[in-house]
Amino acid sequence: MNWISKLLFGDLINQQVNAIVAQNTASLFNENVFRYLNNGETIINPNGYDYVEKGFEAVGAVYECVDIIVKKMIACPRIVYRIKDQKEYKKYLNFSKSADTLPQMLISKAKALEEVSIPQIDKLLNNPNPEQDGDTVYEHLFARYLLQGNAYLYGVAGSD
């Protein structure tokens, strides 16, 4: 993810975010260590929810970075691929783990995948449920992924 943010935003914003993260991490570390040494209860939340919420809401740079990245991801087209060569697809997945192999990765992707247009899937991607449009659903999905490192959508097969 670090190389993606460098590509999108350059070194300046990375330096600012890294400085803020280092400052907040040091502050949180000191707060926890000194509370523990004084026989107080530690405040580390084991599931990390407080870190996400406090960091996202309290640090303006984190909020802005997440907002910019999410808006750029929403602007990307939603493309459905069909795997046409399983062996080449596995090579593509291995290449995608390293930023140094971009040309080989793109060649592997072209050999392994082809774009398809399936009206039912396109309709589902653009209108996943009656309460939200596709952009809103994916905005929440991408933000959760950026803030928590994981995000999931659960699909239910319907009659349409």
Side-chain angles (χ1 to χ4, degrees), residues 1-22 24-25 45-160:
M1 188 61 170
N2 193 20
W3 68 273
I4 293 173
S5 60
K6 277 189 177 182
L7 181 69
L8 293 174
F9 307 111
D11 287 331
L12 180 61
I13 198 162
N14 279 329
Q15 291 170 356
Q16 291 173 344
V17 170
N18 288 338
I20 291 169
V21 168
N24 289 340
T25 303
N45 184 348
N47 68 5
Y49 185 75
D50 286 345
Y51 298 124
V52 171
E53 291 301 314
K54 287 179 183 176
F56 180 66
E57 292 174 356
V59 182
V62 173
Y63 180 86
E64 287 296 320
C65 288
V66 169
D67 187 52
I68 290 169
I69 293 170
V70 166
K71 285 180 180 173
K72 287 187 179 281
M73 291 172 81
I74 293 296
C76 295
R78 296 179 192 103
I79 302 172
V80 178
Y81 292 102
R82 181 183 69 81
I83 299 172
K84 59 183 180 182
D85 184 352
Q86 193 69 34
K87 184 178 176 185
E88 198 66 39
Y89 181 67
K90 287 180 183 177
K91 280 175 54 178
Y92 164 67
L93 291 178
N94 287 332
F95 284 135
S96 67
K97 294 176 184 173
S98 172
D100 300 331
T101 59
L102 185 62
Q104 295 97 335
M105 182 184 75
L106 293 175
I107 291 169
S108 236
K109 178 183 175 185
K111 290 178 182 177
L113 302 172
E114 70 176 335
E115 278 187 41
V116 294
S117 179
I118 302 170
Q120 295 89 348
I121 292 177
D122 293 338
K123 180 181 171 188
L124 189 59
L125 289 174
N126 292 324
N127 266 334
N129 66 55
E131 303 298 322
Q132 298 171 309
D133 65 349
D135 287 350
T136 306
V137 169
Y138 288 103
E139 182 179 347
H140 290 292
L141 183 74
F142 297 145
R144 285 291 165 202
Y145 179 75
L146 288 170
L147 293 170
Q148 296 177 333
N150 240 335
Y152 298 95
L153 280 179
Y154 180 73
V156 179
S159 60
D160 291 341

Working for side-chain hydrogen bond (donor to acceptor under 3.5 Å, both in side chains), residues Asn150 and Arg144: CA-CA 7 Å; Asn150 240 335; Arg144 285 291 165 202; over 6 Å; no
Please determine whether side chain to side chain contact (heavy atoms under 4.5 Å, CB included) holds for the pair Leu125 and Tyr138, giving the CA-CA distance in whole Å, both sets of side-chain angles, and the decisive distance to 0.1 Å. CA-CA 9 Å; Leu125 289 174; Tyr138 288 103; 2.9 Å; yes
Assess the residue pair Lys111 and Lys91 against the criterion (side chain to side chain contact (heavy atoms under 4.5 Å, CB included)); give the C-alpha distance rounded to whole Å, side-chain angles, the decisive distance to 0.1 Å, and a yes or no. CA-CA 10 Å; Lys111 290 178 182 177; Lys91 280 175 54 178; 5.8 Å; no
Salt bridge (Lys or Arg N to Asp or Glu O under 4.0 Å) assessment of Asp135 paired with Lys71: CA-CA 10 Å; Asp135 287 350; Lys71 285 180 180 173; over 6 Å; no
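Nearest heavy atom pair, residue Glu115 against residue Ile79, reads CG-CG2, 3.4 Å. Here the closest non-hydrogen pair linking Val137 and Gln132 is CG2-OE1, 3.3 Å. Pairing each heavy atom of Asn129 with each of Glu131, the nearest pair is OD1-N, 2.9 Å.
Lys109 pairs by the side chain to side chain donor-acceptor pair (under 3.5 Å) definition with Tyr81, not counting sequence neighbours. In this view, Asn127 satisfies the side chain to side chain donor-acceptor pair (under 3.5 Å) rule with no residue, not counting sequence neighbours.
Between Val80 and Ser117, the closest side-chain pair of non-hydrogen atoms is not below 4.5 Å. In this structure the side chain of Ile69 never reaches within 4.5 angstrom of the side chain of Phe142, judged on heavy atoms. Residues Lys90 and Lys87 have side chains not in contact (no heavy-atom distance under 4.5 Å, counting atoms from C-beta outward). Put simply, the side chain of Asp133 does not reach to within 4.5 Å of the side chain of Asn126, judged on heavy atoms.
One finds the CD1 atom of Ile107 at 8.5 Å from the CZ atom of Phe95 (value rounded to the nearest 0.5 Å). Taking NZ from Lys72 and CG from Asp67, the interatomic distance works out to 11.5 Å, rounded to the nearest 0.5 Å. Annotation: the span from Arg82 atom CZ to Glu114 atom CD amounts to 4.0 Å, rounded to 0.5 Å. Atom OH of Tyr89 sits about 11.0 Å away from atom CG of Asn94, to the nearest 0.5 Å. To the nearest 0.5 Å, the span separating CD on Glu88 from CD1 on Ile83 amounts to 12.0 Å.
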